[in-house]
Amino acid sequence: MLSIRRLNFLGTITDSTLGELESINLVEARNVFKWFPIKGGLFGRTIANVRAVDGVSISIRKGETMGLVGESGSGKTTLGRTIMRLIDPTKGEIFFDGVNITRLSGRSLKRYRRRMQMVFQDPYASLDPRQTVRSALTEPMKIHHIASSKKEADEAAAKLIETVGLNQDHLERFPHEFSGGQRQRIAIARALAVNPEFVLLDEPTSSLDVSVQAQILNLLKQLQRRFNLTYLFISHNLSVIRHMCDRVAVMYLGRIVEIGNMKAIYESPKHPYTFALLSAVPNPDPTKRKEHEPVLEGEVPSPIDIPSGCRFRTRCPYNTEKCAREFPPLVEIEPGHWVECHYDIDFSSARRSF
Ligand SMILES: Nc1ncnc2c1ncn2[C@@H]1O[C@H](COP(=O)(O)OP(=O)(O)OP(=O)(O)O)[C@@H](O)[C@H]1O
Ligand SMILES: [Mg+2]
């Protein structure tokens, strides 16, 4: 029987049999909605909904890094938190390793929680300022029964701290004694302490200096290879996404409007929104930078009042009457490359139209 071997940071090898390999997707969201109701009036009735996630289907394959990109407020974090079952979807189904986890709670949800961890933009948010690094790392091991004794937890913490590029002396210190980059290394170590398979990385380097960003991104890549991790990588920075991801999903006002392999998205974007985002990325070579970089114009409409038909139409230069009337179909324009647009637009002569 075919088996794969997973090496965790404890050095333990776990064998998985072919049965577990059947699902090539580790994480899957099927037609997921997350609406936040707005209450008002005398009786506190729902008067409107913030449609943060508005019908998203996405699958993340084992071992890959899926990028999730989009402007602020497009629903990236909400989608990530819904997938992790940190918040309940309004509608839709979430699968983890082939199992429908949408309605799990209590103990059975806890089992899956261990397998899914999260790293935020701000490591302060995930680290308790009064807790030493040692206890920040060993506490989740205890909660999830990863280590059977204090000694084993301490040994694991010692290995783990070195795995993320720090040393054992750091275990007795507190979060404020570290630089931003070091703190993010600790937050990563804490996420890995429970030996997860899936890690949601929500803007993990956005608050760091550029030089430190690169180190953390490289560390994340190394850890992914070493521990066979699957990532959902959220960022509004397309250069970072390009560096990190195998596939990319582009989110606009609660929907994924385009998804495909990294190369396809970057070299031949098909949705006008993706094209606009890419056009807004400054050229890294200053000599090639145009005087006025094209930028995406206009504000993102409110997720409380989403435009009819195609939700991007109010900012789209290709907008027609049909776009206001009809919801755009999701079309697979080449294998694995999906676009939600009425038209197959050729952007070759439109480089600067945004
Ligand atoms: N708990 C909540 N209650 C009400 N509205 C919320 C809640 N959480 C998020 N929203 C709204 O949902 C929308 C999507 O927010 P979300 O944080 O998911 O966006 P994002 O893409 O992660 O943005 P950013 O890039 O700024 O992090 C926003 O309009 C936000 O105000
Ligand atoms: Mg966010």
Side-chain angles (χ1 to χ4, degrees), residues 27 29 31-41 44-58 60 65-92 94 116-126 184 187 191 198-208 213 216-217 220 231-242 244-245 247-259 265 271 273-274 276-278 280-281 295-296 298-307 311-312 314-315 340:
V27 176
N31 205 22
V32 164
F33 292 74
K34 181 64 197 182
W35 291 9
F36 296 105
I38 299 172
K39 310 271 184 199
R45 289 208 186 101
T46 299
I47 48 168
N49 284 295
V50 179
R51 288 155 63 177
V53 175
D54 207 28
V56 164
S57 294
I58 189 170
I60 306 169
T65 300
M66 170 68 85
L68 186 59
V69 69
E71 287 163 290
S72 183
S74 55
K76 305 180 296 296
T77 298
T78 306
L79 175 61
R81 292 173 60 84
T82 311
I83 285 176
M84 304 267 299
R85 286 290 330 269
L86 294 170
I87 48 178
D88 289 329
T90 307
K91 211 164 80 179
I94 295 144
M116 306 187 263
Q117 293 296 309
M118 191 165 177
V119 175
F120 305 93
Q121 173 173 349
D122 176 12
Y124 265 125
S126 52
Q184 198 56 300
F198 174 66
V199 186
L200 170 62
L201 302 160
D202 192 350
E203 305 268 8
T205 60
S206 305
S207 62
L208 305 174
Q213 271 191 24
I216 299 293
L217 293 174
L220 288 168
Y231 288 157
L232 175 60
F233 192 101
I234 296 178
S235 180
H236 59 265
N237 184 332
L238 279 155
S239 311
V240 169
I241 293 264
R242 182 175 210 158
M244 292 299 289
C245 301
R247 289 194 296 148
V248 184
V250 181
M251 202 161 175
Y252 185 76
L253 258 186
R255 284 189 74 83
I256 289 175
V257 295
E258 182 162 7
I259 186 166
I265 298 290
H271 196 285
Y273 180 58
T274 313
L277 284 182
L278 286 167
V281 177
V295 286
L296 191 58
E299 299 247 322
V300 185
S302 163
I304 299 168
D305 189 16
I306 289 176
R311 59 195 63 206
F312 185 57
T314 54
R315 299 168 83 194
E340 201 171 76

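The figures that follow rest on heavy atoms only: side chains count, while hydrogens, waters and symmetry mates do not. Position 1 is the first residue of the sequence, and the numbers go up from there. In each ligand, atom 1 is the first atom listed, and ligand 1 is the first ligand listed.
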Of all the heavy-atom pairs spanning [X] and [Y], show the shortest one and how long it is.
X: I241; Y: G67; answer: CD1-CA, 3.9 Å
X: I83; Y: M116; answer: O-SD, 4.1 Å
X: S206; Y: H236; answer: OG-CE1, 4.4 Å
X: I265; Y: L278; answer: O-CD1, 3.3 Å
X: G75; Y: V53; answer: O-CG2, 3.8 Å
X: I58; Y: A249; answer: CD1-CB, 3.9 Å

Nearest protein heavy-atom contact for [atom]: which residue, which atom, what distance?
atom: atom 14 (C) of ligand 1; value: G73 O, 3.4 Å
atom: atom 9 (C) of ligand 1; value: F36 CE1, 3.6 Å
atom: atom 12 (O) of ligand 1; value: A52 CB, 3.3 Å
atom: atom 15 (O) of ligand 1; value: T78 OG1, 3.7 Å
atom: atom 25 (O) of ligand 1; value: K76 NZ, 2.8 Å

| field | Verdict with reasoning, L68 to F233, per side chain to side chain contact (heavy atoms under 4.5 Å, CB included) | value | CA-CA 6 Å; L68 186 59; F233 192 101; over 6 Å; no

Just jot down the ligand 1 atoms closer than 4.0 angstrom to any heavy atom of [X], in number order.
X: S72; result: 23 (O), 24 (P), 25 (O), 26 (O)
X: S74; result: 19 (O), 21 (O)
X: P303; result: 29 (O)

Is there a nitrogen or oxygen of [X] sitting under 3.5 Å from a nitrogen or oxygen of ligand 1?
X: T77; result: yes
X: V50; result: no
X: G75; result: yes

| Contact check: T77 to the Mg ion (ligand 2), N/O/S below 2.8 Å |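 It does: T77 brings an N, O or S atom closer than 2.8 Å to the Mg ion (ligand 2).
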
| Pair K34 + D54, salt bridge at N-O below 4.0 Å |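 Looking at K34 and D54, the cut-off is not met.
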
| query | Is a salt bridge present between R315 and E71, judged by a nitrogen-to-oxygen distance below 4.0 Å? | reply |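 Salt bridge flag = yes for E71 with R315.
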
| Does the protein put any heavy atom within less than 4.0 Å of atom 31 (O) of ligand 1? |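 When distances to the protein are checked, atom 31 (O) of ligand 1 has no heavy atom within 4.0 Å.
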
| task | Please check if a non-hydrogen protein atom sits closer than 4.0 Å to atom 2 (C) of ligand 1. | result |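 Yes, because at least one protein heavy atom sits under 4.0 Å from atom 2 (C) of ligand 1.
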
| said: Test ring-ring contact (aromatic ring centres under 6.0 Å, His included) on Y252 and H271; report intermediate values, then the result. | reply: CA-CA 11 Å; Y252 185 76; H271 196 285; 7.7 Å; no

| said: Please determine whether any non-hydrogen atom of G70 lies less than 4.0 Å from an atom of ligand 1. | reply: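 G70: no contact with ligand 1 (<4.0 Å).
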
